[in-house]
Protein chains: 2
Amino acid sequence: MPDINAADRKSTASDVAKLAGVSKWTVSRAFTPKASISQHSREKVLKAADELGYKPNLLARGLSKNKSNIIGIVVDNFENPHKLMLLNEVTTQLQNKAKIAMVLNISNANSSTRVLTQADQFQVDALIFLGSFITEELIELAITIKHIPFVVVGRSTDITNLNVISTDDISAGQEIAKLLMTQGFSRFGFMSGPESQSTWLARFEGYKSYLAKSNINVEAVLKAGKYDRQRGFAVMDSYLIDHGDDHVEAIFCENDILAIGALDAIKKHGKKIAVVGFDNIELANATSFALTSYRQPLNLMVAQALKVIEDPNASSSQQLPGKLVLRNSHKNSQ
Amino acid sequence: MPDINAADRKSTASDVAKLAGVSKWTVSRAFTPKASISQHSREKVLKAADELGYKPNLLARGLSKNKSNIIGIVVDNFENPHKLMLLNEVTTQLQNKAKIAMVLNISNANSSTRVLTQADQFQVDALIFLGSFITEELIELAITIKHIPFVVVGRSTDITNLNVISTDDISAGQEIAKLLMTQGFSRFGFMSGPESQSTWLARFEGYKSYLAKSNINVEAVLKAGKYDRQRGFAVMDSYLIDHGDDHVEAIFCENDILAIGALDAIKKHGKKIAVVGFDNIELANATSFALTSYRQPLNLMVAQALKVIEDPNASSSQQLPGKLVLRNSHKNSQ
DNA sequence: ACCAATTTTGCAACCGGTTGCAAGCAGCTA
DNA sequence: TAGCTGCTTGCAACCGGTTGCAAAATTGGT
């Protein structure tokens with residue numbers, strides 16, 4: 001295969017400089033948007049660069065500019081398809097800004113320190129937590145990695161002084177309660193994931209407070225303990241075993257994964273309980289589930305998160321409104 | 001909060017050197033595993049480094065060593081939960097080797113050139129394609145990004161001279177055919193994803209050839225065109241509409257996402273058709289589907305892929321055996 | 001055609017590490 | 001104690017860019 005660049009290495013600014021008959025500094029300027037350089041030499045340089053297939057080395061640039069354009073994406077739960085939606089959004093938006101996503105997998109809890117340190121060494125400009133188990137301990141850790149701004153996406157939390165971009169969980173909870181009320185139900189339940197999450201508190205809070213306005217309280221809170229379909233199934237299964245025919249008519253599950261598990265358990269028992277999930281994962285649309293769910297405004301959330309890490313002083317938490325997606329699972333007759 | 005390192009910047013080797021009373025080169029050596037340095041000074045340096053919270057700047061190291069330890073992970077289909085399993089495996093294994101994953105999202109087809117170029121500029125050491133639509137065009141592109149070894153994971157292909165680590169799709173197809181035969185079926189179908197994939201040819205090939213031994217041929221090949229649950233549903237739905245009661249008894253779907261769609265369509269029509277999927281995604285285990293599937297040996301595949309990119313000359317393609325996971329969907333009576 | 005204002009360019013120094021070389025400094029033998 | 005060997009260490013140079021400064025070149029006004 002013919003190869004213009006015979007040497008077995010990438011060409012550098014100096015190579016281009018030689019070919020274009022200018023200094024390497026001029027080459028650098030040619031690749032700097034509003035640098036002081038004549039139109040003439042810029043063209044000359046770009047032509048030479050094109051000929052050699054030259055592209056600036058972003059590591060070197062990062063080193064001298066003290067800005068890597070690498071963003072660390074912290075992920076801890078690779079079981080939930082919802083994470084994939086988030087990852088898709090984040091990587092796309094980053095790439096459009098000429099930045100790049102470095103995925104930091106902390107699902108193996110005991111390695112999270114090591115991984116975050118590693119990210120720090122790679123000079124990530126910022127950290128974005130695509131949250132599930134964002135524990136206080138973890139935040140603490142992130143803070144000790146000084147100089148790095150970070151933001152939590154999609155997870156309400158009551159840890160103060162933290163940049164959190166999330167769905168307006170309270171309103172969402174209310175909206176869902178309202179939806180179920182209009183279906184004429186009178187006995188309500190809720191299913192939560194991990195104990196330590198303050199997210200479900202917000203969703204639950206909205207749900208509960210709306211019902212309270214009609215003097216209804218949430219009679220059953222099923223704790224799955226994890227965001228895990230199997231757990232959702234198991235906890236609903238045992239609830240139904242324990243309660244026989246004396247069960248709630250409608251249940252709001254903290255997310256779709258749990259909701260799908262719950263639906264299967266309900267189906268297994270041949271019961272009818274309305275279910276509403278959260279996240280609107282693709283599978284919610286499967287006819288087996290037809291799961292009514294709440295779509296988080298991922299694009300806005302991610303956009304906002306990027307804005308925050310770019311401008312650390314203007315940073316502030318936000319709660320953005322999402323939207324209910326109606327299917328069949330919330331109805332009283334299916 | 002008290003802060004040992006008052007200056008608002010990360011401390012460098014020079015800072016450590018000053019504190020430890022040695023030269024910055026000695027500091028560098030202290031952090032190089034088998035460097036020539038006395039036990040005494042190494043300890044002195046490490047102590048000082050610890051005090052300042054110093055960790056080597058990996059970008060700078062990458063620059064001088066001409067090795068970034070950044071691996072580009074090319075992903076193009078963020079709808080399939082299976083990708084999350086792969087990402088989990090890849091990131092974990094990379095992190096354990098002190099490498100890091102840079103996710104390159106090429107799902108927006110027209111931006112793939114730009115993204116791959118970007119990765120090149122970030123000096124990725126290698127590219128790993130977590131494949132769905134690995135087109136020839138894309139490979140071509142990857143090759144023009146010279147100097148970078150790359151490997152395709154989880155996707156058979158007949159493009160020659162390419163490092164491909166995949167499941168042994170032919171054997172898998174045979175195994176599945178065998179399984180279905182033992183259930184006593186005599187009319188068989190197959191559902192494929194994207195037209196251009198040579199993967200399904202391999203799975204199909206194994207399936208078909210095994211059936212052929214009993215003089216049975218695959219009477220229906222449903223082409224979904226995409227790896228997409230909705231498409232899987234649609235294509236099965238229209239097949240059943242077209243064929244009334246005259247349909248296949250068993251169908252092997254190229255992956256679980258398609259299989260789940262197919263199952264829903266079958267259920268909608270109140271028919272009984274055995275279904276086998278591929279990938280063994282978590283949802284295959286949901287009672288709504290109880291999908292019999294084939295588990296790819298992801299950990300081995302990824303481990304092998306990393307081996308290949310580390311040692312480009314020893315590189316070679318491999319096809320690793322996976323394992324059938326039996327549930328209910330393949331049975332003749334459910 | 002001359003001079004000041006402005007643009008363009010080259011250079012030294014730097015970002016934070018690593019590497020090859022040579023000098024420094026043991027420790028050991030004779 | 002000189003002489004040799006081998007381990008440590010400091011130094012200059014480099015990886016591939018960027019930045020501030022000052023010199024060079026261009027522009028424009030008269």
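Chain naming here is simple, since letters A, B, ... match the order of the sequence lines and numbering starts at 1 in each. Being a predicted model, the structure only gives us computed values, none of them experimental.
As rounded to whole Å, 8 Å separates atom P of dC15(C) from atom CZ of Arg9(B). For Gln39(B) and dG6(D), the CD to P distance is 22 Å, given to the nearest whole Å. Whole-Å rounding puts the Phe122(B) CZ to dG16(D) C1' distance at 15 Å. Rounded to whole Å, atom C1' of dG16(C) lies 17 Å from atom NZ of Lys55(B). Between the NE2 atom of His40(B) and the P atom of dG24(C) there is a distance of 20 Å, rounded to whole Å.
When atom types are taken as modelled, the side chain of Gln304(A) and the backbone of Gln318(A) share no donor-acceptor pair closer than 3.5 angstrom.
Of the inter-residue distances, the one linking Tyr54(A) atom OH with Leu46(A) atom CG reads 10.5 Å to the nearest 0.5 angstrom. Atom CG of Leu127(A) and atom CD1 of Ile148(A) lie 5.0 Å apart (nearest 0.5 Å). Note that CG of Asn108(B) and CZ of Arg114(B) are 8.0 Å apart. Values are rounded to the nearest 0.5 Å.
The stretch residues 56-69 of chain A touches DNA chain D through Pro56(A), Asn57(A), Ala60(A), Arg61(A), Leu63(A), Ser64(A), Lys65(A), each having a heavy atom under 4.0 angstrom from the strand. Sorted by residue number, the members of residues 16-36 of chain A with any non-hydrogen atom under 4.0 Å from DNA chain D read Lys24(A), Trp25(A), Ser28(A), Arg29(A).
If you check every strand for non-hydrogen atoms under 4.0 Å, Ser41(B) touches sugar and phosphate atoms only.
Ion pairing between a basic and an acidic side chain is recognised when a charged N comes within 4.0 Å of a carboxylate O; Asp125(B) and Lys99(B) show no such pairing. For the pair Lys226(A) and Glu79(A), the salt-bridge criterion is not met [side-chain N within less than 4.0 Å of a carboxylate O].
Between Val90(A) and the options Val75(A), Ile71(A), Val302(A), a side-chain contact (heavy atoms from CB on, under 4.5 Å) holds for only Val302(A).
Summarising the geometry of Phe122(A) relative to Ser68(B), their closest heavy-atom pair is CE2-O, 3.4 Å, with the distance given to 0.1 Å.
Take the nearest nucleotide of DNA chain D for Arg42(B) and for Ala13(A): the residue whose nucleotide is more 5' is Arg42(B).
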